[in-house]
Number of protein chains: 2
Amino acid sequence: MRDKQHLKLSKNQALVYEALSQASKPVGAYDLLDQLKAHGLKAPLQIYRALESLIELKVVHRLESLNAWTTCCDADHDSAPIFVICDDCGDVKEHIDTGLNRSIEKISKRSGFTAERPIVEIHGRCGDCSPKTN
Amino acid sequence: MRDKQHLKLSKNQALVYEALSQASKPVGAYDLLDQLKAHGLKAPLQIYRALESLIELKVVHRLESLNAWTTCCDADHDSAPIFVICDDCGDVKEHIDTGLNRSIEKISKRSGFTAERPIVEIHGRCGDCSPKTN
DNA sequence: AAATTAATGTTATAAAGTTACCTTGTTAGC
DNA sequence: GCTAACAAGGTAACTTTATAACATTAATTT
């Protein structure tokens with residue numbers, strides 16, 4: 001998505017999107033709720049509804065293995081996002097790799113499967129937190 | 001794991017493993033609990049603990065995007081498992097693909113990352129449930 | 001048999017997500 | 001301008017998923 005700036009978001013959508021943008025890592029729904037209580041939000045559903053629509057707009061992703069959400073990187077992606085997650089510092093980076101996406105297609109087609117929503121989340125240690133021995 | 005048969009499991013581990021083996025799809029923790037109440041299990045924690053140890057023994061996998069667990073296929077895998085999940089009939093197949101695993105390694109190494117737990121779960125439609133038009 | 005470690009049992013609680021129902025805004029057609 | 005139709009929002013209650021805390025029992029090692 002190139003023109004996030006030009007998206008017309010509703011009040012709740014904008015609040016949730018802003019909060020996610022400013023975070024340095026993925027944020028959980030109840031954390032978002034806590035933050036946004038100051039802006040008048042009161043119930044989980046308000047958060048979940050905003051998240052759902054932001055995902056539909058393709059400006060937010062859900063991280064399945066973290067139960068958390070993050071803004072989409074700017075890459076114009078037709079291919080599926082790949083998340084690289086540091087279990088030490090919590091940093092998450094979004095990558096696009098067409099090679100990996102091709103492998104996924106090949107694997108699924110091989111068994112007559114139609115891939116609609118590939119989830120790739122790689123847990124480990126980032127460079128900064130890397131295995132002590134180095 | 002080649003010799004699941006030779007594993008010495010505790011009572012609860014064996015019950016949970018049996019239940020998962022007999023299921024045709026991944027099963028949630030509370031479903032397992034319901035089934036195993038007949039065998040005397042009473043609390044969620046008994047299930048979660050058994051699952052945790054079975055995962056450590058590498059005979060069970062957790063499907064992050066389903067909040068459910070399934071037995072590991074027999075493949076002797078050093079590489080990460082790839083799950084292909086039909087959102088229609090619920091069928092899940094475990095694949096091993098060293099090519100995809102190499103891509104994951106490449107992507108992570110490129111950014112100085114050490115991959116420890118790659119999660120790949122591909123949602124879509126299996127051959128039998130495939131897009132209506134065919 | 002004592003020591004150590006692995007597995008269990010139970011209660012209570014936390015965290016994540018959904019259902020149901022009703023109200024308010026916005027927009028389009030008349 | 002009125003109103004039908006629809007999208008977005010508000011609120012409460014509830015379900016589902018997962019853990020914490022603490023006490024007990026079984027198995028294994030020395």
Exercise. Would you mind telling me which of D:dT11, C:dT8, D:dT19 lies closest to the side-chain atoms of B:Pro44?
Key: D:dT19
Practice problem: Take the protein atom CG of B:Leu66 and the nucleotide atom C1' of C:dG17, then report the distance between them rounded to whole Å. | Solution: 15 Å
Quiz item: Counting side-chain heavy atoms from CB outward, which of C:dT10, D:dG10, C:dT19 is closest to A:Lys11?
Solution: D:dG10
Quiz item: Which nucleotide in the list D:dG9, D:dA18, C:dG17 gets nearest to the side chain of A:Ser10?
Solution: D:dG9
Exercise. Please report the C-alpha distance between B:Arg117 and B:Glu64 in whole Å, then the side-chain angles of each, then the deciding distance to 0.1 Å, and finally whether the salt bridge (charged side-chain N to carboxylate O under 4.0 Å, His left out) criterion is met.
Key: CA-CA 12 Å; B:Arg117 186 168 67 100; B:Glu64 297 291 336; 3.3 Å; yes
Quiz prompt | 5′-ward residue of the pair B:Lys42/B:Asn67 relative to DNA chain C | solution = B:Lys42
Self-check item: Atom pair NZ/CG of A:Lys25 and A:Leu63 - distance to nearest 0.5 Å
Solution: 13.0 Å
Quiz item: Nearest to the side chain of A:Arg49 - D:dA21, D:dT11, C:dG17?
Solution: D:dT11
Quiz item: Which residue, A:Gly28 or A:Leu45, contacts DNA chain C at a nucleotide closer to its 5' end, judged by nearest heavy atom?
Solution: A:Gly28
Quiz item: Rounded to whole angstrom units, what separation is found between the CD1 atom of B:Ile47 and the P atom of C:dT8?
Solution: 11 Å
Practice problem: Mind calculating the distance between NZ (B:Lys8) and P (C:dA6) to the nearest angstrom? | Solution: 13 Å
Quiz item: From the list D:dT11, C:dG9, D:dT17, which nucleotide is the closest neighbour of the side chain of B:Tyr48?
Solution: D:dT17
Quiz item: Whole Å only: how far is the CG atom of A:Leu33 from the C1' atom of C:dA14?
Solution: 15 Å
Practice problem: Would you please test A:Asp91 and A:Arg125 for salt bridge (charged side-chain N to carboxylate O under 4.0 Å, His left out) and show each step? | Solution: CA-CA 9 Å; A:Asp91 185 61; A:Arg125 306 271 157 165; over 6 Å; no
Quiz item: Within this structure, what is the CG-to-P distance between A:Asp34 and C:dA16, rounded to whole angstrom?
Solution: 10 Å
Quiz item: B:Glu52 CD to C:dT8 C1': how many Å, rounded?
Solution: 14 Å
Quiz prompt | Check against side chain to side chain contact (heavy atoms under 4.5 Å, CB included), A:Leu100 and A:Ile82 | solution = CA-CA 9 Å; A:Leu100 191 137; A:Ile82 293 157; 3.7 Å; yes
Quiz item: Nearest to the side chain of A:Asn12, which nucleotide is it out of C:dA20, C:dT11, D:dG9?
Solution: D:dG9
Quiz item: When the nearest nucleotide of DNA chain D is assigned to B:Asp31 and to A:Leu41 on a heavy-atom basis, which residue is associated with the more 5' position?
Solution: A:Leu41
Self-check item: Any donor-acceptor N/O pair under 3.5 Å between C:dA14 base and A:Tyr30 side chain
Solution: no
Practice problem: Calculate the interatomic distance between A:Gln13 atom CD and D:dA7 atom P; express it in whole Å. | Solution: 13 Å
Practice problem: Write down the distance between CD (A:Gln46) and P (C:dC22), rounded to a whole number of angstrom. | Solution: 18 Å
Quiz item: Do side-chain atoms of B:Glu94 reach the backbone of B:Cys73 as a donor and acceptor pair under 3.5 angstrom?
Solution: yes
